[in-house]
Amino acid sequence: MSGNLHICIDCGGSKTSAVVSTVSREGESVVVARGVAGPSNYKDNGVHTFLNAIRTATQSALSKALGNSIELPAIDEIINKENEANLRSQEKSHLFSAWIGASGVDAAQDISTLEPLLSRLLGVPLESQRLVVANDSFILCSPLLSCAEPIENAIVAIAGTGSVVVSFQRNKKSLESSSSSIVQLARAGGWGYLLGDDGSGFFAGREAIREVLREFNLEELEDHPSVSSSVEYEKKKETLRSLLLDHFKLDSPDELFSVVYAPDIAPTISRGDGSNKTPEWARVDRKQRFVSLAPLVFHAAFTL
């Protein structure tokens with residue numbers, strides 16, 4: 001493929017999405033390939049998993065764009081600066097520029113730590129407008145850089161695995177320049193699932209579990225538990241409780257404690273018949289167990 005290639009990578013709490021584009025002869029951006037990988041929230045997953053997800057998504061997108069298998073440097077080499085000669089030889093990158101919008105990248109220290117690592121991984125030099133590393137909210141306000149109308153401000157609201165609301169302004173000093181920039185004005189939330197993330201997928205899943213457990217406690221206080229606590233009734237009528245129990249393959253709400261508090265890599269569970277089996281929910285980390293319930297919460301809200 002002729003022409004410079006540019007990549008935009010969205011690093012989220014549930015997946016990583018990479019899009020490779022080029023500029024047509026008419027001067028319009030054209031998407032040529034996409035790649036995906038697993039979670040890459042920087043704060044949640046750490047630098048190694050973060051870089052590896054970007055590597056996987058980028059390799060997939062570039063391989064599709066160029067029509068042959070592309071191999072980027074190994075993450076250990078990137079982090080430890082091993083095989084410098086090999087890394088320098090790969091600086092003849094297929095990419096002219098890269099924009100990485102990453103959840104969990106919030107402080108200037110995060111950016112200064114990641115920029116040289118991403119530069120070595122992607123083969124994009126540390127030059128202004130060539131390599132941009134920022135919070136993922138910056139990607140969603142990017143239309144400010146190219147919109148024809150004289151729009152100077154934007155508000156981005158993200159409600160995915162996590163949540164955040166951010167306001168932005170186009171740099172007034174360069175409104176007529178091709179090097180326009182975006183400035184963050186204010187921010188609400190985005191502090192992760194322990195301190196915030198209200199309205200996020202995690203929040204929806206957590207509140208669903210809390211509601212099911214609250215009803216379960218109330219039924220235990222009654223002299224005669226309501227009919228909804230009957231297993232036979234649950235099988236006949238779809239409820240929020242039945243949705244959650246079926247999702248995790250459980251028999252009773254009190255078993256939700258095992259799902260919520262089991263470690264990220266849960267131990268194999270021994271069955272009464274002597275067999276050992278790791279439940280499906282135990283194959284994902286605890287945060288994702290909550291997030292996986294979000295579609296069920298929406299289903300219950302609009303159909304039950």
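Between Ala61 and Ala18, the closest heavy-atom pair is CB-O, 4.2 Å. Closest of all the heavy-atom pairs between Gln184 and Phe138 is OE1-CE1, 3.6 Å. Annotation for Thr22 and His6: closest pair CA-CD2, 4.4 Å, computed over non-hydrogen atoms. Minimum interatomic distance between Asp197 and Trp191 (heavy atoms only, all atoms of both residues): OD1-N, 4.5 Å. The two residues Gly13 and Thr161 come nearest to each other via the heavy atoms C-OG1, 3.7 Å. Of all non-hydrogen atoms in Gly104 and Asn135, the two that sit nearest each other are N-ND2, 4.3 Å.
Annotation: side chain of Thr16 is in contact with side chain of Ile9 (closest heavy-atom distance under 4.5 Å). Put simply, the side chain of Ser14 reaches to within 4.5 Å of the side chain of Gln288, judged on heavy atoms. Side-chain atoms of Val32 and Lys64, non-hydrogen and from C-beta on, never get closer than 4.5 Å to each other. Counting heavy atoms from C-beta on, the side chains of Leu72 and Ile78 never come closer than 4.5 Å. Two residues are said to be in side-chain contact when any heavy atoms from C-beta on lie closer than 4.5 Å; Ile100 and Leu122 meet this criterion. Taking 4.5 Å as the limit, some side-chain heavy atom of Leu121 sits within range of a side-chain heavy atom of Ile75. The shortest side-chain heavy-atom distance between Leu243 and Leu304 falls under the 4.5 Å cut-off. The side-chain heavy atoms of Asp251 and Leu245, taken from C-beta on, include no pair separated by under 4.5 Å.
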Determine, step by step, whether Ser292 and Val284 satisfy the side chain to side chain contact (heavy atoms under 4.5 Å, CB included) criterion, reporting the C-alpha distance in whole Å, the side-chain angles of both residues, the deciding distance to 0.1 Å, and the verdict. CA-CA 10 Å; Ser292 69; Val284 296; over 6 Å; no

Quick one, Val124 with Leu118, criterion side chain to side chain contact (heavy atoms under 4.5 Å, CB included). Give me CA distance, side-chain angles, the key distance, then yes/no. CA-CA 8 Å; Val124 177; Leu118 289 167; over 6 Å; no

Side chain to side chain contact (heavy atoms under 4.5 Å, CB included) between Tyr42 and Cys11: does it pass, once the steps are laid out? CA-CA 8 Å; Tyr42 178 58; Cys11 303; over 6 Å; no

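Within a 6.0 Å sphere centred on NZ of Lys43, heavy atoms belonging to other residues, nucleotides or ligands number more than 12. Heavy-atom neighbours of Ile155 CD1 from other residues, nucleotides or ligands within 6.0 Å: at or below the threshold of 12.
A donor-acceptor contact shorter than 3.5 Å links the side chain of Asn80 to the backbone of Asp76. Judged by distance alone, with hydrogens and angles left aside, the side-chain atoms of Asp110 form a donor-acceptor pair with the main-chain N or O of Ala107 at under 3.5 Å. The backbone N or O of Asp198 lies less than 3.5 Å from a partner atom in the side chain of Ser163, making a donor-acceptor pair. Judged purely by atom type and a 3.5 angstrom limit, Ser60 has no side-chain atom pairing as donor or acceptor with the backbone of Thr56. Proximity of a side-chain donor or acceptor of Ser167 to a complementary backbone N or O of Ala186 within less than 3.5 Å is detected.
The aromatic rings of Phe248 and Trp281 sit perpendicular, their planes meeting at an angle over 60°, well past the 30° parallel limit.
Side-chain contact of Ser103 with Asn41: a donor-acceptor pair under 3.5 Å is present, judged by distance alone. Side-chain contact check for Ser21 and Ser29: no donor-acceptor pair (N or O, by modelled atom type) lies under 3.5 Å. Side-chain polar atoms of Gln109 and Thr113 form a donor-acceptor pair below 3.5 angstrom.
Screening residues 97-124 for ring pair (Phe, Tyr, Trp, His ring centres under 6.0 Å), with sequence neighbours left out, gives no hits.
Taking hydrophobic clusters as Ile, Leu, Val, Met, Phe, Trp and Tyr residues chained together by side-chain heavy-atom distances below 4.5 Å, Phe203 does not share a cluster with Val212. Under the 4.5 Å side-chain heavy-atom criterion for grouping Ile, Leu, Val, Met, Phe, Trp and Tyr, Ile54 is connected to Leu126 within one hydrophobic cluster.
Glu71 has a carboxylate O that lies under 4.0 Å from a charged side-chain N of Arg55, or vice versa, which qualifies the two as a salt bridge.
Between Leu256 atom CG and His247 atom NE2 the span is 10.5 Å, to the nearest 0.5 Å.
Cation-pi geometry between Arg286 and Tyr261 is not satisfied (NZ or CZ under 6.0 Å from the ring centre, within 45° of the ring normal).
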